[in-house]
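To keep things clear, I will list the structure first and then write my remarks on it.
Protein chains get the first letters and strands the later ones, always in sequence-line order, with residue 1 at the start of each. Hydrogens, waters and symmetry mates play no part in the numbers below; they use all other heavy atoms, side chains included.
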Number of protein chains: 2
Amino acid sequence: MRELVRAYQAFASYDADGYRDSELTVPQADVLFTLGNTDGLSFKEIGEKTLITKGTLTGVIDRMEQKKLVKRRVCTEDRRITYVALTKQGERLFEKVFPQQVDYIKQRFDRLSKSELKDIGQALTKLHEIFI
Amino acid sequence: MRELVRAYQAFASYDADGYRDSELTVPQADVLFTLGNTDGLSFKEIGEKTLITKGTLTGVIDRMEQKKLVKRRVCTEDRRITYVALTKQGERLFEKVFPQQVDYIKQRFDRLSKSELKDIGQALTKLHEIFI
DNA sequence: TATTGTTATACTCTATAACTATA
DNA sequence: TATAGTTATAGAGTATAACAATA
């Protein structure tokens with residue numbers, strides 16, 4: 001448990017440094033990365049994936065919309081649902097920041113051997129399962 | 001990387017549920033657990049352990065002091081340093097919430113075998129090391 | 001009635017930088 | 001001069017609940 005927290009803190013701190021100059025807050029980067037390579041997701045789906053509650057998410061999306069990174073689109077079949085998708089500008093930012101971020105993180109994972117990476121992947125999957 | 005984020009999110013969400021009715025915010029719980037079983041730590045030490053920056057920490061400690069959970073004490077040898085320690089009330093809360101929390105989390109870890117736990121521990125230690 | 005997202009409130013945290021006091 | 005903590009500012013996130021629109 002301690003180790004999980006420590007490992008994640010170290011990772012999260014390193015990770016946040018990666019997109020520090022992108023003008024994104026942590027939740028905003030989370031949303032950007034969640035929306036990347038999709039045609040748009042509903043508020044509900046985004047909330048489930050990022051663990052941001054709906055009231056908060058409205059504000060986060062508002063600010064990203066002001067920055068022209070995302071766009072709302074009401075679902076025509078069920079008008080209660082609002083989809084959020086990246087704009088062209090949002091996609092450009094995603095395509096710039098995401099690979100950078102992956103590389104940045106990969107630098108550290110490259111310090112490990114293939115078998116270590118496999119073990120870590122399995123360990124994390126088990127951890128994930130027990131805490132769902 | 002995805003797995004690490006997912007595993008931690010699942011854990012963090014479960015963890016926060018554990019002390020939801022303790023009237024503590026996440027950073028405050030973090031500080032409480034950091035100060036538990038110590039004679040007090042300086043702002044600097046608390047900041048290093050919790051990754052809360054100094055400006056923010058002053059506010060967090062202010063609010064915990066208002067709730068009578070912690071007390072400041074200026075170091076007599078080096079008067080620039082302020083130690084923060086749990087009050088009796090803070091200790092009582094720690095002694096109530098911490099074991100509860102450990103049990104609560106243990107419930108989930110108990111789903112794993114000893115060898116799985118060992119593997120996970122090792123994996124997390126490696127992760128921690130590469131991201132320092 | 002149940003669900004989706006918005007609004008409202010009040011507070012807490014965050015980042016940043018300038019500042020005070022000690023060393 | 002360097003360090004420890006405080007203050008100031010402005011913005012962002014959080015929890016919660018009530019609300020509107022839609023199903």
Between the protein and nucleotides 15-23 of chain C, are there any N/O to N/O pairs under 3.5 Å, and if so, what are the atom names and distances?
unit_1: C/dA23; atom_1: OP1; unit_2: B/R79; atom_2: N; d: 2.9

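Between A/E129 and A/K126, none of the side-chain N atoms (NZ, or NE/NH1/NH2) sits under 4.0 Å from a carboxylate O, so this pair counts as no salt bridge.
Rounding to whole angstrom units, CD of residue A/E65 and P of C/dT6 are separated by 9 Å. Rounded to whole angstrom, the span from the CG atom of A/D30 across to the C1' atom of D/dG13 amounts to 13 Å. When rounded to the nearest whole Å, the span between CD of B/E23 and P of C/dT12 equals 11 Å. Atom CD1 of B/I52 is separated from atom C1' of D/dT6 by 16 Å (rounded to the nearest Å). Counting to the nearest Å, the C1' atom of C/dG5 and the CZ atom of A/R73 are 16 Å from each other. In this entry the distance linking CD1 of B/I61 with P of C/dT12 reads 14 Å, nearest Å. Atom CG in A/D62 sits about 11 Å away from atom P in D/dA12, given to the nearest Å. Rounded to an integer number of Å, the gap from CE of B/M64 to P of C/dT12 is 12 Å.
Looking at heavy-atom distances under 4.0 Å, A/V26 makes no contact with the nucleic acid at all. Backbone-only engagement by B/T82 is indicated by non-hydrogen atom pairs under 4.0 Å involving sugar-phosphate atoms exclusively.
By the 4.5 Å heavy-atom criterion applied to side chains, B/L24 and B/L69 are counted as neighbours.
Listed nucleotides C/dC13, D/dG13, D/dA4 differ in distance to B/R63; the shortest reach to its side chain belongs to C/dC13. Here the side chain of A/F43 is nearest to one of D/dG13, C/dT6, D/dT6, namely C/dT6.
Judged by distance alone, the side chains of A/K67 and A/Q89 never bring a donor and an acceptor atom under 3.5 Å apart.
Taking only side-chain nitrogens and oxygens, B/T25 never comes nearer than 4.0 Å to OP1 or OP2 of C/dC11. Not one side-chain nitrogen or oxygen of B/R72 sits closer than 4.0 Å to the OP1 or OP2 atom of D/dG5.
Sorted by first and then second residue, the ring-ring contact (aromatic ring centres under 6.0 Å, His included) pairs involving residues 45-77 of chain A (not counting sequence neighbours) form an empty list. Within the structure, the ring-ring contact (aromatic ring centres under 6.0 Å, His included) test picks out no pair touching residues 55-76 of chain A (sequence neighbours left out).
Ring geometry for B/Y8 against B/F11 counts as tilted: the plane angle lies between 30° and 60°, on a 0 to 90° scale.
Here the two rings, on A/F109 and B/F131, have centers that are under 6.0 Å apart.
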